[in-house]
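Everything numeric in this text was worked out from a predicted model, so none of it was measured.
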Amino acid sequence: MEREEVRRYVNEYCHLRDVQTATYELYARKHGLTAKELFVLDIIWFAPDGCMQSDISERLSATKQTVSAIIKKFWKQGYISLTESETDRRNKIVRFTEAGMEYTRKIIPPAANAEIDAMAELDGKDIAELVRITALFSDWMAKKFSEIPREY
């Protein structure tokens, strides 16, 4: 395929990605959150035994400082508790408090259901293909971007 044709597909794909990102941003804003804060709540929600801050950072490809600031915000609001990990005292296990569960219950399950409902509109084979191709493209993106030399 010619580079110019590939460029058109890249632009189209980027537009679709931007639509998805905007959907999350708009939903987060409805609840007074940023998309990153929404994603942190989502990760904690689906980790009933709690999760480590480092796992959240890795999952979101976010800096530890970014995740720490978000966690601190929710901690100050009384939505999460932090306990030292028995295996790594530098790392904290993040869990919802009762207030956090109540707060998040109104935000994350409806969003998760909307994602499931949207994907369920696709045929099973299309879902598998979407995930397979997105994984391939994501891996290639990470590889190609990592090969760009630093200029500073």
Side-chain angles (χ1 to χ4, degrees), residues 10 13-14 16-152:
V10 167
Y13 181 85
C14 287
L16 295 170
R17 181 196 59 216
D18 293 344
V19 168
Q20 289 182 359
T21 301
T23 299
Y24 287 114
E25 286 286 352
L26 289 170
Y27 184 76
R29 272 190 247 146
K30 278 186 190 179
H31 298 282
L33 300 166
T34 66
K36 281 258 198 263
E37 290 168 342
L38 177 73
F39 297 150
V40 168
L41 291 177
D42 183 78
I43 291 168
I44 300 167
W45 181 264
F46 287 104
D49 296 328
C51 57
M52 294 208 244
Q53 282 183 251
S54 59
D55 295 334
I56 296 170
S57 296
E58 186 178 320
R59 168 93 184 272
L60 293 179
S61 297
T63 65
K64 289 181 182 181
Q65 293 86 351
T66 298
V67 171
S68 182
I70 293 169
I71 295 296
K72 187 176 182 178
K73 172 188 171 180
F74 291 137
W75 178 77
K76 283 183 176 181
Q77 292 174 322
Y79 293 152
I80 61 165
S81 67
L82 300 170
T83 54
E84 282 185 358
S85 167
E86 292 178 14
T87 57
D88 181 359
R89 303 189 93 192
R90 296 169 297 163
N91 214 339
K92 304 280 190 239
I93 299 174
V94 183
R95 292 182 181 88
F96 283 123
T97 61
E98 283 300 318
M101 290 291 289
E102 187 61 32
Y103 169 74
T104 307
R105 182 176 286 113
K106 300 170 193 160
I107 301 168
I108 298 302
N113 287 331
E115 289 171 324
I116 292 167
D117 291 346
M119 193 166 281
E121 293 292 327
L122 303 174
D123 179 77
K125 289 179 184 178
D126 290 339
I127 293 170
E129 187 69 356
L130 172 67
V131 172
R132 185 186 74 76
I133 291 173
T134 302
L136 279 172
F137 182 63
S138 297
D139 290 346
W140 279 112
M141 284 281 292
K143 181 181 184 331
K144 296 298 181 181
F145 271 75
S146 73
E147 293 171 354
I148 299 171
R150 258 186 157 164
E151 293 293 327
Y152 55 94

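Leu38 CG to Lys30 NZ: the interatomic distance, rounded to the nearest 0.5 Å, is 11.5 Å. Distance check, rounded to the nearest 0.5 Å: OG1 of Thr23 to CG of Asp18 gives 10.5 Å.
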With a cut-off of 3.5 Å and sequence neighbours excluded, list every side-chain donor-acceptor pair involving residues 43-62.
unit_1, atom_1, unit_2, atom_2, d
Ser54, OG, Asn91, ND2, 2.6
Ser57, OG, Gln53, O, 3.3

Show every donor-acceptor pair shorter than 3.5 Å between a side-chain atom in residues 73-81 and any protein atom, with sequence neighbours excluded, or say none if there are none.
unit_1, atom_1, unit_2, atom_2, d
Lys73, NZ, Glu37, OE1, 3.2
Lys73, NZ, Glu37, OE2, 3.0

Side chains of residues 99-118: which donor-acceptor partners sit under 3.5 Å, not counting sequence neighbours?
unit_1, atom_1, unit_2, atom_2, d
Glu102, OE1, Arg105, NH1, 3.1
Thr104, OG1, Gly100, O, 2.8
Asn113, ND2, Pro109, O, 3.2
Glu115, OE2, Tyr24, OH, 2.3

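In plain terms, the two heavy atoms of Ile127 and Met119 that are nearest each other are CD1-O, 3.3 Å. Of all the heavy atoms in Ala28 and Ala35, the pair that sits closest is CB-N, 3.8 Å.
Residues forming a side-chain hydrogen bond (donor to acceptor under 3.5 Å, both in side chains) with Gln20 (at least two apart in sequence, or on another chain): none. Remark: Ser146 pairs with no residue by the side-chain hydrogen bond (donor to acceptor under 3.5 Å, both in side chains) rule, at least two apart or across chains. With sequence neighbours left out, the side-chain contact (heavy atoms from CB on, under 4.5 Å) criterion links Glu121 to no other residue. Residues passing the side-chain hydrogen bond (donor to acceptor under 3.5 Å, both in side chains) test with Thr97, sequence neighbours excluded: none. Taking Ser138 as the reference, Thr134 meet the side-chain contact (heavy atoms from CB on, under 4.5 Å) condition, with sequence neighbours excluded. With sequence neighbours left out, Val10 forms a side-chain contact (heavy atoms from CB on, under 4.5 Å) with Val6, Arg7, Cys14. Thr83 meets the side-chain contact (heavy atoms from CB on, under 4.5 Å) test with Ile93, Arg95; sequence neighbours excluded.
Using a 4.5 Å heavy-atom cutoff, the side chains of Val67 and Thr63 are not in contact. The closest side-chain heavy-atom distance from Ile70 to Leu41 is not below 4.5 Å.
The environment of CD in Glu147 is crowded: more than 12 heavy-atom neighbours from other residues, nucleotides or ligands sit within 6.0 Å.
Under the salt bridge (Lys or Arg N to Asp or Glu O under 4.0 Å) criterion, the residue pairs touching residues 125-139 are Glu129-Arg132, with sequence neighbours excluded. Listed by first and then second residue, the ring pair (Phe, Tyr, Trp, His ring centres under 6.0 Å) pairs that reach into residues 108-149 are Tyr13-Phe137, sequence neighbours excluded.
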